[in-house]
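Everything below concerns the one structure shown next.
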Number of protein chains: 2
Amino acid sequence: MDADSIAQVRRFNRTVGERIGVLHDHFLGTDRPVGEARLLWEVGEEGRDVRRLRDRLGLDSGYVSRLLRSLERDGLVTVEPQRHDRRVRTVRLTAAGRKERALLDERSDELAELILTSLNEKQRARLTAAMSEVDRLLTAGTVSVEELDPRHPDSAACLQAYFDELGDRFEEGFDASLSLVPDAGELGPPHGVFVVARLHGEPVGCGGIQFHEGEPPYIKRMWVAKSARGLGLGRRLLAELEDHAVRSGARSVRLETNRELTEAITLYRSAGYEEVPAFNDEHYAHHWFEKRLHG
Amino acid sequence: MDADSIAQVRRFNRTVGERIGVLHDHFLGTDRPVGEARLLWEVGEEGRDVRRLRDRLGLDSGYVSRLLRSLERDGLVTVEPQRHDRRVRTVRLTAAGRKERALLDERSDELAELILTSLNEKQRARLTAAMSEVDRLLTAGTVSVEELDPRHPDSAACLQAYFDELGDRFEEGFDASLSLVPDAGELGPPHGVFVVARLHGEPVGCGGIQFHEGEPPYIKRMWVAKSARGLGLGRRLLAELEDHAVRSGARSVRLETNRELTEAITLYRSAGYEEVPAFNDEHYAHHWFEKRLHG
DNA sequence: GGCATTGCCTGACTAGAGTCAGAGAATGGA
DNA sequence: TCCATTCTCTGACTCTAGTCAGGCAATGCC
């Protein structure tokens, strides 16, 4: 890796650590220890299971428990067993907890303002643009992609979100049973591969590929969550699936898509896919693509 | 301040805090408490006075003292009274201390690499570019500009650095006594204003303005340290001085510069200065400028 | 029903980070 | 010379943050 890049990243780490890290803890930790504040924040408006809090913050189970007791004592949260599995417990904010959380929110805003006020209009615009870029790329770096059974709950969650989105975007709505490969299980072994992308443990994207004797592999159900767009994740998932195709010995891959899915069409074209005549009778398709693989 | 900008800064704070802040402490704090590591780093190769360490890190005097005792016990630093003022004590790294510091250095590199490895070539280039921008703008936000007596040690340090640089850049060298206003004191009250810019307490730029009865104020000795260039600091100092001119009731300001100082010339032009015939006989000048003030 | 597992909790710790009040030496100025 | 000030150090604390080992209840599987 080149030394200039490393030096730049280090300078960045240093500046940001000094200018933001320190202030951050100072700001948020005035009324309440940082640990509690982070936890309170992470509970969110909706409430969250204890184990998810633990995972998200990477803390010891005993420690989280103690923090929760403390928040509970202050009347900021309630902790009660989950309906279906009474071992799991769910944390929820009380009214006071919401108020406290809103306060943290305000503090974060103030910190952000503090950072911006010392700059003029033009510098501010440049700073936020650059921050957004850094933010996106750092986030992209934490996304992991792994093979998963298409029937795994996380896969199912992705597919459901995908279908819901198609239902919204297509004029005629979307009914998976009218589409090809209605049973996603067929995208898994032994004749397919399904991959899921995760960000902070949450599934945020998926895609599958199916192998057919004597014809090119067929890519299906490519999706990226709205919250994770702009990270180059679609491209990454696509590359991952193409990789499987190459390893299977295929010379090309095929897929089709709907005319409403313009980002997808753009992605496919820029990734080297070329439009070809319809090679199947997918009900929802308007465009069929094929890409020659050289691997 | 607009809400989008604030939201972006907050997202940034959060991502960076998670991705870098946490890792950072983890990485540096493996062998040694973070406090000690930071201190060890801040001592630097050259050594540093205890009070500067305190200022720089914003720590309690007793706490720093204790950290130093601990580093001393481990044979990493020596602390001895300063020659000229035996109350002040200077911290220096021992050979072992240097080694340990090099280790921290290496860790920082590893952290930087870790951040970069998950990205492809193109993303890496974009990330480092954006980081450098954020870095520069955040740093620019911490620069303070204040009026100071031109004979104050910090002013003198700026002027000396300026003269040294001119000596290097001018073919014929530079001798302040051949230049106009050889005594910088004249740039201070009652007939002038001298401003000094500081970054983390260090003087990194200066500039003066002198008022003459019946003619436009005269700007002189504008300088920005190499380490602080690219932060828009020159423009800021210039604006500051012009502000004083406006407040004094002046309708325009004047200055002159040498043909070697191309950045300065660019700055003056872009700040609205127009070249005019020589209005004085400054030995080192090739270009004379004037700007009309509307305030 | 028996038994391993899961999920959370408590008790008992340790170490780090930081504060506060003074003590004591060196310095500078009247 | 005396006195206020500056600078650093020590002792005595407090509070967070985090770890580790076990314990208890609910659950799932045979």
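Model, not experiment: these values are computed from the prediction. Below, chains carry the letters A, B, ... as their sequence lines are ordered, and counting in each starts from 1.
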*Any Lys/Arg nitrogen of B/Arg198 or B/Glu146 sitting under 4.0 Å from an Asp/Glu carboxylate oxygen of the other?*
yes

*Send over the distance from A/Arg83 CZ to D/dT27 C1', rounded to a whole Å.*
18 Å

_A/Asp49: salt bridge (Lys or Arg N to Asp or Glu O under 4.0 Å) partners, not counting sequence neighbours_ = none

*Quick one: salt bridge (Lys or Arg N to Asp or Glu O under 4.0 Å) partners of B/Arg10, sequence neighbours excluded?*
A/Asp105, A/Asp109

_Rounded distance (Å) that lies between atom P of D/dT5 and atom CG of B/Asp85_ = 17 Å

Pull out every protein N or O sitting under 3.5 Å from an N or O of nucleotides 8-15 of chain D, one pair per line with the distance.
unit_1 : atom_1 : unit_2  : atom_2 : d
D/dT8  : OP1    : B/Arg51 : N      : 3.3
D/dT8  : OP2    : B/Arg54 : NH1    : 3.0
D/dT8  : OP2    : B/Arg54 : NH2    : 2.9
D/dC9  : OP1    : B/Arg69 : NH2    : 3.2
D/dC9  : OP1    : B/Arg89 : NH1    : 2.6
D/dC9  : OP2    : B/Ser65 : OG     : 3.3
D/dC9  : O5'    : B/Ser65 : OG     : 3.2
D/dC9  : N4     : B/Ser61 : OG     : 3.2
D/dG11 : N7     : B/Arg66 : NH1    : 3.4
D/dG11 : N7     : B/Arg66 : NH2    : 3.3
D/dG11 : O6     : B/Arg66 : NH2    : 2.6
D/dA12 : N6     : B/Arg66 : NH2    : 3.4

*asked:* List the residues meeting salt bridge (Lys or Arg N to Asp or Glu O under 4.0 Å) with B/Arg86, not counting sequence neighbours, and say none if there are none.
replied: none

*asked:* Salt bridge check, A/Arg48 against A/Glu42: does any charged N sit closer than 4.0 Å to a carboxylate O?
replied: no

*May I have the step-by-step check of salt bridge (charged side-chain N to carboxylate O under 4.0 Å, His left out) for B/Glu100 and B/Arg32, ending in yes or no?*
CA-CA 10 Å; B/Glu100 182 89 13; B/Arg32 195 162 287 290; 2.9 Å; yes

*Using distance alone, with no hydrogens and no angle criterion, decide if A/Glu36 and A/Ser70 have a side-chain donor and acceptor under 3.5 Å apart.*
yes

*Before giving the answer on side-chain hydrogen bond (donor to acceptor under 3.5 Å, both in side chains), spell out for B/Arg69 and B/Ser65 the whole-Å C-alpha distance, their side-chain angles and the decisive distance to 0.1 Å.*
CA-CA 6 Å; B/Arg69 282 313 75 67; B/Ser65 188; 3.2 Å; yes

*Roughly how bent is the helix from C/dG1-D/dC30 to C/dA30-D/dT1 end to end, in steps of 10 degrees, with each end axis from five pairs?*
20°

_Using a 6.0 Å cut-off, check whether atom CD of B/Glu45 has over 12 heavy atoms from anything other than its own residue._
yes

_Is it the case that over 12 heavy atoms from other parts of the model lie below 6.0 angstrom from the NE2 atom of A/His152?_
yes

_Below 4.0 Å from chain B heavy atoms, what is the first contacting nucleotide of DNA chain C and what is the last?_
C/dG16 to C/dT27

